[in-house]
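Structure record follows, encoded as structure tokens.
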Amino acid sequence: MNTTAASAVQSIDWLAIAPPTLTAVVGLVVLVADLFLAERRKPLLGWVSIAGLAVAGLSLLPLRGGDKATFCLVSDGDVCSYVADDFTVAIQLLVLGGALLTALLSLHTVAEQKLPAGEYWFLLLSSAAGAALLPASRDLATLVIALEVASLPAFALVGLRRNDRRSSEAALKFFLSSVVATAVTLLGVSFVYATTGSMHVARVADGLTHVDPRLETLAQTGVALTLIGFAFKTAAVPFHFWVPDTYVGAPLPIAAYLSVIGKAVGFTGLIVVTVRAFPSYADVWGPAAAVLAALTMTVGNVAALRQRPEHARSAVRLLAWSSVGQAGYLLVPIAAAGYADSAADAEHAVGATVAYALMYAAVNLGAFAVVALVAHVAGRAGTSTGLRLTDHRSLYATRPLAALALGFFLLCLAGLPPGVIGLFAKVAVFSAVVDAGLGWLAVVMAVNVVIALYYYLQWTAALFRAPTPAEAPATAPAGPAPGQPAASRSDSAALPGAGPEAGAVAVRTAAPAGERPRATDATADGARPRVPASLTATVALTTVLGVALSGAPQLVLHFASGTLF
């Protein structure tokens, strides 16, 4: 009796759990502060959230190079529910860094779209706290709880734009798919628990090596259902159907968040359950992951290839399908881990997924930031949504720095110089799959890289096209034409100093039927719209990060060359 009670007592290392704990505490502070702040002071909540995420990120520094564990059983100190190893720190860096950039990208969105500030920042921080908890989870109960804490606030964030039919529909699709995924995952976890008698990953791995023959079918079903549940979260084909509509209906910062942090959550959980909990069933999940990887990258890239540039929100839809294709690349090293000869080799293969995820997070957030920049300027000018691929045509003529940044991000995703980090990340994935002897999967990946080159390069080339007469930058005479009031001129000149560097765009494009013609993006008083400082900072930070990683790719490839667990 006493022994049983003692085994339930768990130790707590507050330093180890600081990153998710600080994030959650700041979320609660923001929620309470929202009750007392006047409406005009609500923007302060965004800056408090950014500061909280920055502090949570800094709390990772003491965790480098040391394996800290907490919530351990007194009866067995090696069995813990929370472990802060190199794998945990790498994923938490990705999650908190991505959430910080998302928060920076969200500052102008919350104000412009009149979203409820308190709810928005609380939900974002809550989701980030769950995402930061998940990589450290070493028991199946904590893993599922962290997964839901990361996912549930995201449903509300997607549908936070009130009276927007597209947003509500996106939230409903996302919610229904996630509920199904959670139900399947819980059913699989319950079967695994019934088979092994434990929820801790280490004991589950040991228990599955000698399953009672009468429970073998139950164990296999539990493993399969658990993997299917996480496949939903990673948007692997055929569980990807919610992605395009969800990204299109969500506010742009939330679409960016889901494309990076949402994927990090799914793949982190998948790595923990496959490599750590179910290594004895590698002959089951290895081939399954390989098939899923091949299907996911192919369907995602082919669908992205089919996007029509003139269709509404085609830029966001292309990024959505591109993220599905990228999910296929992320699955490849996990599949390779299933064919590894030893546990160390399997963990080494997983490092390629972490390396690729770090690269993808930086450049994909940057691509969404530039799309948000173009959409902001177009919206302020009242010319179009700014979310079509055609809205980015000839961007270099009016916004050279934004065009160069977006071109760099797209080349990174394609794996072409000067996006060196994208090339090295793909090489790391290729190396993992070749070492595992999966030649056919390497061929499928190579074909998909070529397919992706087409639409990435097509978008990049459009940025630098010379503007046609209908798209030429608007210029204005020194004064209004005779008989024409200055306020009625469509080609209003920019105010002194409001050139492209100040965040102005003046591009004319022929709008498709049903949309207002893009005569000029000048505002009513003749001044060109400026880009909010938070948007400019997000584009600048992601660009600097991408360039730094391309200049020193070993910073990311370090994760692919060692054992993270």
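Remember, it's a predicted structure, so these values are computed and weren't measured experimentally. All residue numbers refer to positions in the sequence shown, counting from 1.
A distance of 8.5 Å separates CD1 in Ile261 from OG in Ser127, rounded to the nearest 0.5 Å. Once rounded to the nearest 0.5 Å, the distance linking CG of Leu401 with CG of Leu406 reads 12.5 Å. Ser550 OG to Leu545 CG: the interatomic distance, rounded to the nearest 0.5 Å, is 9.5 Å. With rounding to the nearest 0.5 angstrom, the CG atom of Leu252 is 12.5 Å from the OH atom of Tyr247. Atom-to-atom distance recorded for Leu45:CG and Leu107:CG is 11.0 Å, nearest 0.5 angstrom. Note that CG of Leu319 is 10.0 Å distant from OG of Ser314, once rounded to the nearest 0.5 Å.
Annotation: Phe232, atom CZ; neighbour count of heavy atoms from other residues, nucleotides and ligands within 6.0 Å is above 12. In the displayed structure, Tyr455 atom OH is contacted under 6.0 Å by more than 12 heavy atoms of other residues, nucleotides or ligands.
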Side chain to side chain contact (heavy atoms under 4.5 Å, CB included) evaluation trace for Thr296 with Tyr329: CA-CA 8 Å; Thr296 302; Tyr329 303 144; over 6 Å; no

Val110 and Lys42: CA distance, side-chain angles, deciding distance, side chain to side chain contact (heavy atoms under 4.5 Å, CB included) verdict: CA-CA 10 Å; Val110 173; Lys42 292 295 176 70; over 6 Å; no

Residue pair Arg393, Thr390: steps toward the side chain to side chain contact (heavy atoms under 4.5 Å, CB included) verdict: CA-CA 5 Å; Arg393 189 176 297 158; Thr390 51; 3.2 Å; yes

Pair Tyr120-Asp34, side chain to side chain contact (heavy atoms under 4.5 Å, CB included): steps then yes or no: CA-CA 11 Å; Tyr120 184 94; Asp34 180 57; over 6 Å; no

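In this structure a side-chain-to-backbone donor-acceptor pair under 3.5 Å is present from Ser394 to Arg465. Judged by distance alone, the side chain of Thr542 and the main-chain N or O of Leu365 form no donor-acceptor pair under 3.5 Å. Although no hydrogens or angles enter the test, the distance criterion places no donor-acceptor pair under 3.5 Å between the side chain of Ser151 and the main chain of Glu148. No donor-acceptor pair closer than 3.5 Å links the side chain of Thr23 to the backbone N or O of Leu125. At least one donor-acceptor pair closer than 3.5 Å links the side chain of Asn301 to the backbone N or O of Met297. At least one donor-acceptor pair closer than 3.5 Å links the side chain of Thr268 to the backbone N or O of Ala264. With hydrogens and angles disregarded, a donor-acceptor distance shorter than 3.5 Å links the side chain of Thr353 to the backbone of Leu330.
Shortest non-hydrogen contact noted between Val539 and Ala405 is CG1-CB, 4.0 Å. In plain terms, the two heavy atoms of Ala369 and Thr538 that are nearest each other are CB-CG2, 3.8 Å. Between His108 and Ser534, the shortest heavy-atom distance links the atoms N-OG, 4.0 Å. A pairwise comparison of heavy atoms in Trp121 and Ser106 identifies CH2-CB, 3.7 Å as the closest pair. Across Gln92 and Pro20, no two heavy atoms sit closer than the pair NE2-CD, 4.0 Å. In plain terms, the two heavy atoms of Met359 and Cys412 that are nearest each other are SD-O, 4.2 Å.
Using a 4.5 Å heavy-atom threshold, the side chains of Leu387 and Arg317 count as separate. Counting heavy atoms from C-beta outward, Phe87 and Pro135 have side chains that approach closer than 4.5 Å. Looking only at side-chain heavy atoms (C-beta outward), Leu100 and Ile50 come within less than 4.5 Å of each other. Trp459 is not listed as a side-chain neighbour of Pro309, based on a closest heavy-atom distance of 4.5 Å or more. Within the 4.5 Å cutoff, the side chain of Phe409 has heavy atoms near those of the Thr543 side chain. Taking the side chain as every heavy atom from C-beta outward, Leu457 and Leu411 approach each other to under 4.5 Å. For the pair Val158/Thr246, a side-chain contact is recorded, criterion being any heavy-atom separation below 4.5 Å from C-beta on. Side-chain contact between Leu63 and Pro19 is present, with heavy atoms from C-beta onward closer than 4.5 Å.
Ion pairing between a basic and an acidic side chain is recognised when a charged N comes within 4.0 Å of a carboxylate O; Glu39 and Lys114 show no such pairing.
Taking the six-membered ring where tryptophan is involved, the planes of Tyr396 and Phe464 are tilted, since the angle between them lies from 30° to 60°.
A donor and an acceptor atom, one from each side chain of Tyr82 and Thr88, are nowhere located under 3.5 Å apart.
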